[in-house]
Enquirer: 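Structure provided below as structure tokens; questions to follow.
Letters A, B, ... mirror the listed sequences (proteins, then strands); counts begin at 1. Hydrogens, waters and symmetry mates play no part in the numbers below; they use all other heavy atoms, side chains included. All values derive from a computational prediction rather than experimental measurement.
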Amino acid sequence: MPAMPPRLSRDFYARDTIIVARDLLGCELVHVMAEGTRIGRIVEVEAYLGAHDLAAHSAKGLTPRTQVMFGPPGYAYVYLIYGMHHCMNVVTEPAGNGAAVLIRALAPVQQLAGRSAGPGLLSKAMGIDRRHNALDLLGDTLFITAPASPVAETVVSRPRIGVDYAGEWANKPLRFYLEGNPHVSKP
DNA sequence: AGGATGATATCC
DNA sequence: GATATCATCCTC
């Protein structure tokens, strides 16, 4: 088995959120668990640009929940939605901006538990829940590695899912995915 | 189209 | 303390 590509650096996450979102496509999300290591290839993401983005949780300002979003880049922001599903994000840009990228779908690579097309499903398949909130993605438990091979697919952008309440921000094309990939949640 | 199901923010 | 809302998923 080939050596695993290097972990993404703090500087990778510190960049502009749209750039980070696009560059995360093709990267691999890794969760080292007692039962084994689960790995999925990122095929769909959404960018949440910061406190001025009305669709972002950080638009509410600094609260206990959004604390992680306003913190330094390269940390996991995981929350429970609709009382039953977990969503995983990575914090981007320098501390204070409240920006993050939601990971929406993975193609299975190793040991995924069930389907991973959609933010709730992928969290379940990867064994990720609220306990992972505020976890450093440069640590040894949960991290992201650079693409195992060059990303050949075309990246397409569409409006984000489930943010109709956000006015004109709901229409901005801040959802990115790999065209034609069968594991995208809503092609 | 509608229900599950609990944390969060925002009122009183 | 009560209530509305929710970056979803499943079943009908």
Side-chain angles (χ1 to χ4, degrees), chain A residues 13 15-25 27 29 31 38 40-71 73-93 96-108 112-135 137 142 144 155-178 181-187:
Chain A
Y13 296 109
R15 300 174 300 156
D16 177 85
T17 302
I18 291 177
I19 303 292
V20 175
R22 296 184 62 111
D23 283 357
L24 278 172
L25 294 171
C27 293
L29 179 62
H31 186 195
R38 301 188 186 183
R41 181 173 184 257
I42 299 171
V43 299
E44 179 183 355
V45 297
E46 280 177 3
Y48 287 87
L49 303 189
H52 60 291
D53 176 356
L54 266 21
H57 291 168
S58 54
K60 296 282 181 188
L62 185 57
T63 69
R65 182 199 208 185
T66 60
Q67 200 175 11
V68 184
M69 267 190 102
F70 283 103
Y75 283 77
Y77 168 46
V78 184
Y79 60 91
L80 182 67
I81 190 66
Y82 297 113
M84 56 186 98
H85 304 292
H86 298 273
C87 292
M88 187 199 160
N89 305 250
V90 305
V91 177
T92 59
E93 302 190 18
N97 287 15
V101 173
L102 170 66
I103 312 227
R104 282 194 58 90
L106 305 172
L112 288 203
R115 285 173 300 153
S116 52
L121 287 172
L122 88 80
S123 296
K124 184 162 187 276
M126 285 289 292
I128 293 169
D129 59 43
R130 254 185 6 268
R131 299 191 307 266
H132 301 275
N133 189 42
L135 198 63
L137 297 176
L142 187 63
I144 303 176
V155 174
V156 303
S157 60
R158 294 285 184 275
R160 294 172 290 186
I161 303 289
V163 296
D164 292 344
Y165 58 86
E168 62 179 31
W169 282 92
N171 301 322
K172 296 184 185 292
L174 295 174
R175 171 174 172 249
F176 304 94
Y177 61 87
L178 298 179
N181 191 286
H183 299 97
V184 169
S185 66
K186 296 190 179 173

Enquirer: Would you say A:Y79 and A:N89 make side-chain contact, with heavy atoms under 4.5 Å?
Expert: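 Yes - at least one pair of side-chain heavy atoms lies under 4.5 Å apart.
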Enquirer: Heavy atoms only, 4.0 Å cut-off, all strands: where does A:M88 land among base, sugar-phosphate and nothing?
Expert: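 Nothing: the residue A:M88, judged by heavy atoms under 4.0 Å, touches no strand.
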Enquirer: Can you tell me which stems DNA chain B forms when a stem means 3 or more consecutive Watson-Crick or G-U pairs under 3.5 Å?
Expert: B:1-4 with C:8-11, B:6-11 with C:1-6
Enquirer: Main chain of A:G118, side chain of A:E44: is a donor-acceptor contact present, judged purely on distance under 3.5 Å?
Expert: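 The answer is no, because no donor-acceptor pair under 3.5 Å joins these two groups.
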Enquirer: Could you list where the contact with chain A starts and ends along DNA chain C, reading 5' to 3', using a 4.0 Å heavy-atom cut-off?
Expert: C:dC6 to C:dC10
Enquirer: Tabulate protein N/O versus nucleotide N/O from nucleotides 4-8 of chain B, keeping only pairs under 3.5 Å, one per line.
Expert:
residue	atom	partner	partner atom	Å
B:dT5	O2	A:Y82	O	2.3
B:dG6	N2	A:G83	N	3.4
B:dG6	N3	A:G83	N	3.4

Enquirer: Heavy-atom contacts under 4.0 Å between residues 114-129 of chain A and DNA chain C, which residues?
Expert: A:R115, A:G118, A:P119, A:G120, A:L121
Enquirer: Walk me through whether A:H86 and A:H132 qualify under ring-ring contact (aromatic ring centres under 6.0 Å, His included).
Expert: CA-CA 10 Å; A:H86 298 273; A:H132 301 275; 9.0 Å; no
Enquirer: Under 3.5 Å, sequence neighbours excluded: what are the donor-acceptor pairs made by side chains of residues 157-165 of chain A?
Expert:
residue	atom	partner	partner atom	Å
A:R160	NH1	A:A47	O	2.9
A:R160	NH1	A:D53	OD2	2.7
A:R160	NH2	A:D53	OD1	3.1
A:R160	NH2	A:W169	O	3.0
A:Y165	OH	A:A55	O	3.2

Enquirer: Please, which pairs that meet side-chain hydrogen bond (donor to acceptor under 3.5 Å, both in side chains) have at least one residue in residues 54-69 of chain A, sequence neighbours excluded?
Expert: A:H57-A:Y77, A:T63-A:T66
Enquirer: Distance-only, no hydrogens or angles: does the A:R104 side chain make a donor-acceptor pair with backbone N or O of A:E46 under 3.5 Å?
Expert: no
Enquirer: Does the side chain of A:I144 reach to within under 4.5 Å of the side chain of A:I42, using non-hydrogen atoms?
Expert: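 They are in side-chain contact.
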Enquirer: Is the closest side-chain heavy-atom distance between A:V184 and A:R175 below 4.5 Å?
Expert: yes
Enquirer: As an exercise, state the distance from CG of A:N133 to CE of A:M69, rounded to the nearest 0.5 Å.
Expert: 11.0 Å
Enquirer: Determine whether A:L142 and A:L29 make a side-chain contact, defined as any pair of heavy atoms from C-beta on separated by less than 4.5 Å.
Expert: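 Answer yes - side chains close enough.
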Enquirer: With distance as the sole test, does A:S116 use its side chain to make a donor-acceptor pair with the main-chain N or O of A:L106 at under 3.5 Å?
Expert: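 Yes, because the side chain of A:S116 sits within donor-acceptor range (under 3.5 Å) of the backbone of A:L106.
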Enquirer: Is the shortest side-chain heavy-atom distance between A:L102 and A:P119 below 4.5 Å?
Expert: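 Sidechains of A:P119 and A:L102: in contact.
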